[in-house]
Amino acid sequence: MSQRSDSAQPRQLPGSLNTNRRLDRWLKIDRDGTVTVFPGKVEIGQGILTALAQIAAEELDVALERIRLAPAATSYSPDEGVTSGSRSIQEGGMALRQAAAEARDLLLQRAAARLDVSLEQLTVADGQVTARSGGSVTYWELTSDDLLARDATGDVAPKPLAQHAVIGTSVPRRDIPAKVTGAPSYVHDLDLPDMLHGRIVRPPSPGAQLTALDEAQVREIPGVVAVVRDGSFLGVIAEREEQAIRALNRCQRIAQWRETAALPEPDPRYLLRADANSEVISEKSGDAERATTTLEAEYARPFVAHASLGPSCAVARFSDGRYTVWTHSQSIYPLRHDMSKVLGVAQEHIVITHVEGAGCYGHNGADDVALDAALLARGVPGRPVRVQWMREDEFGWEPFGSAMVVRMSAQLDGEGRIANWTHDLWSHGHSTRPAGKDGVNLLGAWYLERPVAAATPGNPALPAGGSHRNAIPLYDFPNQRITNHLVLKAPLRTSALRSLGGHVNVFAIESFMDELAATARADPVEFRLRHLKDARARAVIEAVAAKAGWRRGEKGDGARGRGIGFARYKNLGCYVAVIADVEMGREIAVRRAWAAVDAGLAINPDGVINQIEGGMIQSVSWTLKERVQYDRERVVSRNWEDYPILTFEEAPEVEVVLINRPDQPPLGTGEGAQGPTAAAVANAIYNAMGVRLRDMPFTRDRVLAALA
Amino acid sequence: MAITLIINGAEHGVTAETETPLLYVLRNELKLKGTRFGCGRGQCGACTVLVDGKAVQSCDFPVSAAAGKSITTIEGIATDGRLHPLQQAFIAEQAAQCGYCVSGIIMAAKALLDAKPRASECEIRAALKGNLCRCGTHHRILRAIRRAAEEMNR
Ligand code: FES
Ligand code: FES
């Protein structure tokens, strides 16, 4: 039997339009002179909604003020999977661009018929279509309910670059005025009539079982409406928030648990001894000059927390067998999928609406707390329940960025070029988001009387990768072998943290490049360029060196120094090079840092710069200070004192050079700075003091130990 | 018990247990949602308000202690429909990513600039000792505060 592929396959459309082909899924032209856009991607503090509004305004030729953005909801939004991986512009933005271009075309066809002229006669300004002969009509007059009730065709070309007036300009973020005036902005701020407050009583350690609880002692607290217990899942509901917290505290005092956790030693090198699936992910052998020098090094990072400033929060209501949920999840459809399995109702009976949360930097407790809220709401039908995790819950139960160990080895030839390169990495999986291969990735589900098991942890596939993200170097080496050792069984829950394995792999690659440059007696910038053909990669390195005033072969003075780090995020996203200046005082301080970034076409240049600045500062924090602490049973980092992050007194001055390439497709920038910054800091410390730190975080103790 | 609070210049009667943190009374009884919960332990500053002009962490401040004092929240610093110079400067500098930390930081900065209009960079940073920002917006936030200070000193 033969198959004709041309007719069987519908035409490939840009981004998420390919899987959500109806135009009215994406936008609506309203008679009142506005345009409503329905993004499936969500705002997580990265400014995506402003960028999407710019794209729609540009393609439709309407003023930016006319664009409204509907919150993402499973009742009407396109299913765009997860808002992650710096893919929102590529997937959601490019889909919207095409949909808006087609909507404009449909409107112009109607205008041409109405004005009885040919399409070429028409021009559009802010939704007003004018014929050369004089007649005019507006979108708002031309629109109708069925205008966009059709599939995209892919036949209309978006606007050529030269005509861009809104894309490529730094229009101000639309959400900032509300945030600086204190207007309700987050799911935390939802306040529905009759709303109750819930708290979850989490076990003392992973897997612990609830063995005894005298519920009467909890119910007697004023304001307590219900104690919800299902196996070892325990929650309290009260009229007032402070009453719910009081009930939580009492439960924590009187509940008895059987603990079984066996956590590893704090040094991430326990990974080297664990069972792993090992896979060679890149192998190359070619001609090389005879190697003369061999170098080896081992790098590591402990577990790192997302540590959102606002703890995870959700509101849920259960009535007539249906759930309504408000959440800051990054993945409303996958969340609904997993929730339906746990709650035992059809997906159509769960409506999930996105409301912004505090910045999440990957997969934190957002999805878990949505299930928590639904499980509590089930206990009080008809009344909405707002559940907010306590700070201690957030640190204790969010999925962490995995601990990792990387072993590098390389050989230099007599000319100071790398002849051979091997990179072995050990890590747990970096993706346990909802809707995994099997099981359910929602914390509460694992503790129910009839528990639903967790999905098998894993990694996003290459080329983007998970633990192996950015493990394959962009440099041109004649011989290389990269091996990923994935340790499936994780003692602590792990999932996506901004840049996934990229932070550690780039830290290792770029630190090792510096070690090799020192061995070859080469300048670090020159040594990198020596091994790099990619013109855009070279350009960011050269641009940041120029901006920072990099001087060839410059040595630090014993206390101060500078270093560089570079990567192309995921080897297919934005290019970022970072230079950091450090100073050794009581602790290591990063005083200044510069970045050069090439993200192709920048929809909103200031938005790109804001994300890179934030990424650099956050990466400085991870790299200098952060480590989740645990003992043999429990996570003991439970608040900001146990888990210090960078403060205002320690934050560096940062500066970003944006290399705009309007002729290239836009590339996300949310995660591009994490790895290069870590390496730049390590290399700057070496430059300053001649000591090489290979274990994050770079605390004072580590420096002193290295100096000894 | 019944407590009278003076918030943003207006009197409000509320009922709450004496030890209830002011934060929950502001957010849930008075529906002033701009003051935010971050840690509940006085470590992050998301809940900062002014009590008699001083920056105070409202998660750690019993409502009974606030009785009769003048309390200012982020909702109360604009005057006659004009945003406070700090609010204007945060918009002008686009000094937010998620923005969750921002209202607490603006309140801490206001307490500083009211007391010390010509605060140095070091003093500004020190005044934000009790405020965390997880998004790494520090650099822009500092720039916005410097900008507001200049504006206020004009
Ligand atoms: S919530 Fe009050 S200091 Fe963190
Ligand atoms: S902007 Fe997100 S915590 Fe400061």
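All chains are named by letter (A, B, ...) in the order of the sequence lines, taking the proteins before the strands, and each is independently numbered beginning at 1.
When the candidates B:H84, B:K31, B:R27 are compared by the number of heavy-atom contacts under 4.5 Å with chain A, B:R27 comes out ahead. Between chain A and the options B:E75, B:E19, B:K33, heavy-atom pairs under 4.5 Å are most frequent for B:K33. Interface summary for chain B: among A:T647, A:I176, A:I645, A:N639, the most heavy-atom pairs under 4.5 angstrom belong to A:N639. When the candidates A:Q243, A:Q388, A:E650 are compared by the number of heavy-atom contacts under 4.5 Å with chain B, A:Q388 comes out ahead. When B:G40, B:A127, B:A126 are compared by the number of non-hydrogen pairs under 4.5 Å with chain A, B:A126 comes out ahead. In terms of heavy-atom pairs under 4.5 Å with chain A, the best-connected choice from B:G76, B:A96, B:C122 is B:A96. Interface check for chain A: of the options B:G38, B:G34, B:A92, the most heavy-atom pairs under 4.5 Å are formed by B:G38.
Counted by atom type alone, A:N610 and B:Q94 present zero donor-acceptor pairs between their side chains at under 3.5 Å.
Residue A:R638: no heavy atom, backbone or side chain, is found under 4.5 Å from chain B. Contact of A:S621 with chain B is made through the side chain alone, with heavy-atom distances under 4.5 Å. In this structure, chain B has a heavy atom under 4.5 Å from the backbone of A:H306, while its side chain stays farther away. For A:A183, the part sitting under 4.5 Å from any heavy atom of chain B is the backbone (N, CA, C, O) and nothing else.
Look at A:E655 and A:R592 and you find a salt bridge, because one of the NZ, NE, NH1 or NH2 atoms lies within 4.0 Å of a carboxylate O, short of that distance.
Taking the six-membered ring for Trp and thresholds of 30 and 60 degrees, A:F395 and A:Y643 have ring planes inclined between 30 and 60 degrees apart. Ring geometry for A:H503 versus A:W622: interplanar angle over 60°, hence perpendicular rather than tilted (30 to 60°).
Remark: the backbone N or O of B:P85 is not paired with any side-chain donor or acceptor of B:Q88 at under 3.5 angstrom. Counting only distance, with no hydrogens or angles, the side chain of A:T50 and the backbone of A:R174 share a donor-acceptor pair below 3.5 Å.
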